[in-house]
Amino acid sequence: MEKKKVLLAVSGGIAAYKAATVASKLYQSGYEVKVILTNSAQKFITPLTFQTLTRQEVYTDTFEEKEPAIVSHIDIADWADLVLIAPATANVIGKLANGIADDMLSTTLLATKADVIIAPAMNVNMFNHPAVQKNMKTLSSFGWRFIEPNEGLLACGWIGKGRLAEPEELIEAVHDYFNEITNQKTLPLSGKKILVTAGPTREELDPVRYFTNHSSGKMGYALASVAKQLGADVTLVTGPTAIDSPEGIKVEKVTSAKEMFDQTLFHYAEQDVVIKCAAVADYTPVTVHENKFKKKNDTWTVELRKTDDILQTLGEKKEHQILVGFAAETENLENYATDKLRRKNLDMVVGNDVSKEGSGFGSDTNEIVIIKKDGSISKLPILTKEKAAKEILQQVLEMMEQ
Ligand code: CTP
């Protein structure tokens, strides 16, 4: 079997010494291992250590190009099946979360399309700092995975969370990752790209006010999670919700209908399926006041203009994609839903009567009707949103097989 390629990226914390054990154990486990060391990492451990343990050249400098025909940071970015950053310092986490590329590690990480596992190690107060927490959230939204640091006595003398996970835990995470990839290949949606939109949008009126709707995002997040469990490569374009980003899913956070339009269109060409579950604002204020609008008259008339219909645009540009829309109605559900299916050139529409108990915005359940373009209609009982998501994706799968 071809060896799996792991790129171990080591940044400059005292835990860098543990990375030598990680490199050695990965090599002994049968992986092909290449190592990048930052300048700071080299203050703790030398390239020669890793070169000897992995039998590979070690990368330290973006500009030290040994072969004229090869740009090394792109070459190893493309080479890797998986990148493990261990230890990841607060500085490296901050740079990667903000797209800064000023050394071998950061340029390679910006260029790679491989999955990334990141193992932070730092002082407990640095780890808990809002800047670091925010940067880690950003990296999670790229679909990067984290191996949490352990708690205990830190090299700096503090006691708390910040110790690099033990080499055995890091090796296990690498094994688990490749096992998951192998298992995923046998899942029904493996190799398929699915984009889901979720939540409401917010249309700003002035710096303190906006128009929105009651969508909680629960149905869209359930669809994204179930699609991931079924093996799909999922992108979630979400308006503001109170739900945490699901693990292993690319999340694009947007606010307005315009931003949702741009992000969805940006990812559209490469998708196999798009499920437009979001409750997009149909109208947005014509004028957005720069300063807070002061209370004056007894009434305030706000002029609204239609937003671009995202789903309609996707329907017009449709090539190979399966397009699924939602129709949240309060009357004539089947008629309105079928009309949307035709008007927006959809393959399937999921209708729900939001005025019914157990089927409205914010609830954990939904009573849906699935209408396909061949005219078939499935009316489902009240289900949890997760079960409803499974039913929808099952029907999408059947369509793909046809
Ligand atoms: N939709 C969209 N872009 C918009 C409005 C709606 O992509 N600007 C999508 C929704 O995500 C949903 C579907 O269109 O999948 C139906 O949305 P809905 O608001 O029910 O329908 P509208 O076409 O806006 O019609 P109406 O408001 O008259 O019911």
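First listed ligand is number 1; within each ligand, the first listed atom is number 1. The basis for the numbers below is simple: all heavy atoms, side chains too, and nothing from hydrogens, waters or symmetry mates. Numbering of residues begins at 1 and proceeds along the displayed sequence.
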- Short N/O distance, under 3.5 Å, between R343 and ligand 1? no
Would you check the N or O atoms of A327, main chain and side chain alike, for any that come under 3.5 Å of an N or O of ligand 1? no
Hey, does the side chain of T112 reach the backbone of L109 with a donor-acceptor pair shorter than 3.5 angstrom? no
D308 heavy atoms within 4.0 Å reach ligand 1 at atoms 8 (N)
### Query
Are any of the N/O atoms in V280 less than 3.5 Å from those in ligand 1?
no
Near L311 (heavy-atom distance under 4.0 Å), the atoms of ligand 1 are 2 (C), 7 (O), 9 (C), 13 (C), 14 (O), 15 (O)
Here the ring pair (Phe, Tyr, Trp, His ring centres under 6.0 Å) pairs for residues 27-47, sequence neighbours left out, are Y31-H175, Y31-F178
In this structure, atom 25 (O) of ligand 1 is nearest to the protein heavy atom K340 CE, 3.5 Å
(Q) Please tell me if atom 8 (N) of ligand 1 is touched by the protein, where touching means a protein heavy-atom distance below 4.0 Å. (A) yes
Of all protein heavy atoms, the one nearest atom 22 (P) of ligand 1 is K344 NZ, 3.7 Å
C277 versus ligand 1: do any nitrogen or oxygen atoms come within less than 3.5 Å of each other?
no
Assess K296 against F293: is NZ or CZ under 6.0 Å from the centre of the six-membered ring, and within 45 degrees of the ring's axis?
yes
Of all protein heavy atoms, the one nearest atom 3 (N) of ligand 1 is I310 N, 3.0 Å
Taken in chain and number order and not counting sequence neighbours, the residues that satisfy side-chain hydrogen bond (donor to acceptor under 3.5 Å, both in side chains) with R145 are E180
query: Has the side chain of T49 got a donor or acceptor atom that lies under 3.5 Å from a matching backbone atom of I45?
result: no
of all protein heavy atoms, closest to atom 2 (C) of ligand 1 is D309 OD1, 3.4 Å
Tested for side chain to side chain contact (heavy atoms under 4.5 Å, CB included) against I117, the lone hit among V83, I85, I147, L170 is I147
Atom 12 (C) of ligand 1: closest protein heavy atom, distance to 0.1 Å, is F326 O, 3.1 Å
of all protein heavy atoms, closest to atom 15 (O) of ligand 1 is K276 O, 2.7 Å
Strictly distance-based, threshold 3.5 Å: is any side-chain N or O of K318 a donor or acceptor partner for the main-chain N or O of N345? yes
So the atoms of ligand 1 within less than 4.0 Å of a heavy atom of T307 turn out to be 8 (N)
(request) Show your working on side-chain contact (heavy atoms from CB on, under 4.5 Å) between K276 and F326 and close with a plain yes or no. (result) CA-CA 6 Å; K276 279 242 59 261; F326 268 70; over 6 Å; no
Here the atoms of ligand 1 under 4.0 Å from any heavy atom belonging to A278 are 10 (C), 11 (O)
Between Q229 and S225: side-chain donor-acceptor atoms closer than 3.5 Å
no
Does the side chain of K373 reach to within under 4.5 Å of the side chain of M348, using non-hydrogen atoms? no
Quick look: L314 vs ligand 1, heavy-atom contacts under 4.0 Å, and the answer is neither
Could you tell me if S378 and Q395 have a donor-acceptor pair between their side chains, going purely by distance under 3.5 Å? yes
Exactly one candidate in L96, V92, I100 meets side chain to side chain contact (heavy atoms under 4.5 Å, CB included) with S106; the answer is L96
Practice item. Decide whether an N or O pair under 3.5 Å exists between G325 and ligand 1. Key: no
The closest protein heavy-atom partner of atom 27 (O) of ligand 1 is D282 OD2, 3.0 Å
Yes or no: does V349 have any heavy atom under 4.0 Å from an atom of ligand 1?
no
